[in-house]
Amino acid sequence: MSADATDPYTLHEDPEDGDEDHHVFWADEVADQIEARNPDEPVVIKGGISPSGVPHLGNMNEIMRGYFVAEALRDRGYEVRQVFTTDDRDPLRKLPRKLADLDGNIVDLGDVDAGALGRNLGKPYTDVPDPFGCCDSYGEHFSNFVRRAADQLGVPIDVVSNTELYEDGEFEDVTRRLLSDVEHAREVLAPYQDKVDEEYVPFNPICEDCGKITETVLSVDPEAGTVEYACTDIEAGDRTIEGCGHQGTATFREGKLPWRFEWPAQWEILGVDHEPFGKDHAEGSWPSGEDVAWNVLGIEPPVPMVYEWFTLNGDPFSSSAGNVILVGEVLELIEPEVLRYFFAKDPSRARDFDVAELDHLTGAFDRFERAYYGEPDADDQDPEFAERAYPDVIRPTVAALVDEEGVFHVEGDGPWSRAVVGTEERERLDGVVEAGFDRRERLPYTFAAVLGMADDPAIREQVARDEGHVAEDAPDWAVDYALARVGLAEHWADRVDNEFNYELKRAEMPDVAFDPRVETALDDLADFVAEGHDGEAIQGEIYQTARRHDLDVGDFFAAGYRLFFDQEQGPKLGPFLGKLDREFVVRRLRREE
RNA sequence: GGGCCGGUAGCUCAGUCAGGGAGAGCGACGGACUCUUAAUCCGUCGGUCGGGGGUUCAAAUCCCUCCCGGCCCGCCA
């Protein structure tokens, strides 16, 4: 067994190892290393976070990075189990400023029962009441949230509560070994943590009186599986959580290991073969965890992979600063496959999730998809990468849309994703991806945003067809699925309030003041519209009218946009007015309402 | 101080691991569609590949060095 430190930057090239098998998809590089260990099946891929704050999009790295590695291994015929541990025996150390309800709404601490949280500082998350009252505990609320997010993205994952592992005795054996030779445990960890001294015992009991996690262990009885403790104060950042002073006895099920031991212990208990983690762990917990795994627990640590953190709209994710976005929110803006595509990109590269530029991300996905199908206009997208990664990106979508007979259904509101389990289903769906889903249609995202101003689905479809974005012989499901993007892009335009956020000012006329010549021209145009003409004719007449009155065409259009949208620009005006009810258009052009 | 990521067209980025033609999208600009205003189509402009040095017949790519930006590195997790 080697105790040499492993560079967790797994995706970085090591010129020494002469890596002949360079892959276009990073997940295959990781899979190579897992395969090289001859893992037992199922291969276990883990992720996990502590339930503090809001489980935002950045935290989804813990699930999505593992997903692609899991799929790579399934492609190679391995059975894979992906688990996510909610580290919910951790104590609540401070009050989160923001929380998220199960529907994905972010709320301020003040909007929930903050007092109930405050009274429970120091207790395990699973012993803290759910501030929303919807789940058994704060910890379970969090677990449910993560489970829902994984479902929405179609990732099959076992959400495992750390508390349950303790309560079920899963940690007992490893805890006993640790506490049987406390000195050895101290020796290994000491170089990594200054606080490790002769008093240090790697176990934190839960006080039977006050329910808080304590740090002062007075004695250990490995045979009996108990510790004696005193409930003393614990430091949590810049504040102190007071202990109650109680002295008592706790079993190994009634407490927790400190993180530096708990993480490797999870590897042992769950048989973890691979775990991705953020770079904060790369230089802290990983080196010590690896050392503990080899030299204290005597197990092989998992294949690591550091992922870069990404930013949101240019700034770090921060729930306290309000710079967060949840999976549910994202899926109101883009399809799940587009989000999965985002996570399929190189994890070793820091990138920004820019909501204002989701049209770019979506456009890149569309080209990626076209590259897979060998269609034109794939441009910058690497066909080899698309060939390899697209099935993993799209499979959960196809799973949600197609039934066992291969018939597509687009029903409900989306997002459409379903976790795929089992080799047979995988193969069946890959067949559908190859032949079937290739009939899908995609509206350019900004075009979809423009269509958002027409409420009538029939109009949306007609315009999309007129503009050539939907093939004449497109199957119904493909049309429905393509048009579903309109709702997403509409949300987007509304959320970022950009130039696509057209809103017909129907109820009330915008505050307008026009030059008399413009007013005369508008009256003329109103007369023309009143005669009853189609959109194209109206469009032409706008030009004619402007010229007839010696007006700058651009200014005249601007007047129209001002009148209907209270903006300087908008959709192609003639066809749009042609779709509205004539009486309204005429009255508005005459500035009568 | 140490580590990692990034610095390629106005913007967002691919290309860097296997050195050889500097690319895409968006934007801008021009044109087509009886009609400058979403869309579509055609075209054009646009880059000292952060700076410097080195290796090489050849460097965005390999090596060294420096600069700029971002993040991480007590405890906790």
Side-chain angles (χ1 to χ4, degrees), chain A residues 7-9 11-15 17-23 29 48-52 87 89-91 93-94 192-195 204 213 215 234-238 256 258-260 262-263 278-285 287 306-311 314-316 345-352 354 356-357 359-364 366-367 377-382 385 443-453 463-464 466-469 499-500 502 536-547 552-558 560-561 567-576:
Chain A
D7 179 2
Y9 292 92
L11 299 177
H12 295 182
E13 284 310 308
D14 181 353
D17 71 5
D19 183 3
E20 303 106 27
D21 306 322
H22 178 254
H23 295 287
E29 305 274 1
I49 45 177
S50 190
S52 55
D87 296 333
R89 184 147 268 197
D90 296 350
R93 313 191 128 256
K94 60 178 183 186
Y192 304 95
Q193 279 196 328
D194 293 341
K195 72 177 280 189
N204 302 128
I213 302 270
E215 289 182 342
I234 58 174
E235 303 297 324
D238 51 358
K256 76 184 291 291
W259 168 249
R260 295 291 178 113
E262 187 175 69
W263 199 25
K279 64 180 176 181
D280 52 336
H281 283 39
E283 291 162 54
S285 317
V306 176
Y307 58 81
E308 277 289 323
W309 287 9
F310 47 75
T311 51
D315 294 309
K345 294 171 157 218
D346 184 0
S348 61
R349 192 153 292 218
R351 52 185 89 238
D352 187 41
D354 191 335
E357 293 189 354
D359 54 328
H360 290 169
L361 178 64
T362 307
D366 291 349
R367 295 193 298 278
D377 298 321
D379 299 304
D380 59 322
Q381 294 292 323
D382 177 0
F385 175 72
L443 306 180
Y445 194 77
T446 52
F447 177 73
V450 172
L451 279 190
M453 72 200 144
V463 176
D466 290 349
E467 301 295 346
H469 290 300
E499 69 269 32
F500 298 103
Y502 306 121
E536 282 304 307
I538 295 172
Q539 178 76 1
E541 182 62 15
I542 296 174
Y543 286 89
Q544 302 294 338
T545 307
R547 292 191 178 126
D552 179 79
V553 173
D555 290 348
F556 192 50
F557 266 101
Y561 290 120
Q567 290 193 24
E568 289 298 319
Q569 48 184 328
K572 197 167 182 175
L573 199 51
F576 182 74

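What's counted below: heavy atoms across the whole structure, side chains too, no hydrogens, waters or symmetry copies. Throughout, protein chains are lettered first and strands after them, A, B, ... in sequence-line order, and every chain is numbered starting at 1.
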Pick base, sugar-phosphate or nothing for [X], based on heavy-atom distances below 4.0 Å to the nucleic acid.
{"X": "R260(A)", "answer": "base"}
{"X": "R89(A)", "answer": "nothing"}
{"X": "H281(A)", "answer": "base"}
{"X": "S285(A)", "answer": "base"}
{"X": "E357(A)", "answer": "sugar-phosphate"}
{"X": "F385(A)", "answer": "nothing"}
{"X": "K256(A)", "answer": "sugar-phosphate"}

To the nearest Å, give me how far apart [atom1] ([X]) and [atom2] ([N]) are.
{"X": "Y192(A)", "N": "G2(B)", "atom1": "OH", "atom2": "P", "result": "20 Å"}
{"X": "K94(A)", "N": "A77(B)", "atom1": "NZ", "atom2": "C1'", "result": "11 Å"}
{"X": "E29(A)", "N": "A18(B)", "atom1": "CD", "atom2": "P", "result": "11 Å"}
{"X": "F310(A)", "N": "U12(B)", "atom1": "CZ", "atom2": "P", "result": "18 Å"}
{"X": "I234(A)", "N": "C76(B)", "atom1": "CD1", "atom2": "P", "result": "11 Å"}
{"X": "E308(A)", "N": "C4(B)", "atom1": "CD", "atom2": "C1'", "result": "6 Å"}
{"X": "D90(A)", "N": "C75(B)", "atom1": "CG", "atom2": "P", "result": "16 Å"}
{"X": "R367(A)", "N": "U12(B)", "atom1": "CZ", "atom2": "P", "result": "16 Å"}

Worksheet item: Would you call the rings of H469(A) and F447(A) parallel, tilted or perpendicular, where under 30° means parallel and over 60° means perpendicular?
Response: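 H469(A) and F447(A): tilted rings.
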
Item to complete: State, to 0.1 Å, how close G574(A) and I542(A) come at their nearest heavy-atom pair, and which atoms those are.
Response: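 Shortest heavy-atom separation between G574(A) and I542(A) comes out as N-CD1, 4.1 Å.
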
Worksheet item: What heavy-atom pair brings P287(A) and Y192(A) nearest, and what distance separates the two atoms?
Response: O-OH, 3.6 Å

Expected rows: protein N/O vs nucleotides 6-9 of chain B N/O, under 3.5 Å:
unit_1: G6(B); atom_1: OP1; unit_2: R349(A); atom_2: NE; d: 3.3
unit_1: G6(B); atom_1: OP1; unit_2: R349(A); atom_2: NH2; d: 2.8

Nearest listed nucleotide, side chain of [X], among [options]:
{"X": "H469(A)", "options": "U40(B), C71(B), C72(B)", "value": "U40(B)"}
{"X": "R351(A)", "options": "C13(B), A77(B), C26(B)", "value": "C13(B)"}
{"X": "K279(A)", "options": "C11(B), U40(B), G70(B)", "value": "G70(B)"}

Discussion item. I'd like to know if the side chain of R351(A) reaches the main chain of E308(A), judged simply by a donor and an acceptor atom lying under 3.5 Å from each other, with no hydrogens or angles considered.
Written reply: no

Worksheet item: Any donor and acceptor pair, going by atom type alone, linking the side chain of E29(A) with main-chain N or O of H23(A) inside 3.5 Å?
Response: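 Yes, because the side chain of E29(A) sits within donor-acceptor range (under 3.5 Å) of the backbone of H23(A).
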
Check: [Y] and [X] side chains under 4.5 Å, non-hydrogen atoms:
{"X": "D354(A)", "Y": "H360(A)", "result": "no"}
{"X": "S285(A)", "Y": "W259(A)", "result": "yes"}
{"X": "T545(A)", "Y": "R547(A)", "result": "no"}

Fill in: Earlier contact from the 5' end, RNA chain B, for T446(A) and A282(A)
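Here T446(A) is the residue nearer the 5' end.
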
Discussion item. Go nucleotide by nucleotide along RNA chain B from the 5' end; which of T311(A) and A537(A) gets its closest nucleotide reached first?
Written reply: A537(A)

Taking only the [atom1] atom of each, what is the distance from [N] to [M] in whole angstrom?
{"N": "C73(B)", "M": "G53(B)", "atom1": "C1'", "answer": "32 Å"}
{"N": "G21(B)", "M": "G31(B)", "atom1": "P", "answer": "36 Å"}
{"N": "G6(B)", "M": "U12(B)", "atom1": "P", "answer": "16 Å"}
{"N": "G50(B)", "M": "C5(B)", "atom1": "P", "answer": "16 Å"}

Spacing of [atom1] belonging to [X] relative to [atom2] belonging to [Y], to within rounding of 0.5 Å:
{"X": "E262(A)", "Y": "N204(A)", "atom1": "CD", "atom2": "CG", "result": "9.0 Å"}
{"X": "Y307(A)", "Y": "H281(A)", "atom1": "OH", "atom2": "NE2", "result": "7.5 Å"}
{"X": "D352(A)", "Y": "L361(A)", "atom1": "CG", "atom2": "CG", "result": "11.0 Å"}

Worksheet entry | OP1 or OP2 of G74(B) under 4.0 Å from side-chain N/O of Q193(A) | no

Worksheet item: Counting just side-chain N and O atoms, does K345(A) come under 4.0 Å of either OP1 or OP2 of C13(B)?
Response: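 Checking K345(A) against C13(B): no side-chain N or O falls below 4.0 Å of OP1 or OP2.
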
Worksheet entry | Canonical and wobble pairing (Watson-Crick, G-U, under 3.5 Å) of RNA chain B, dot-bracket with | | ((((((((.[[[[.)....(..]]]].(((((.......))))).....[[[[[..)....]]]]])))))))....

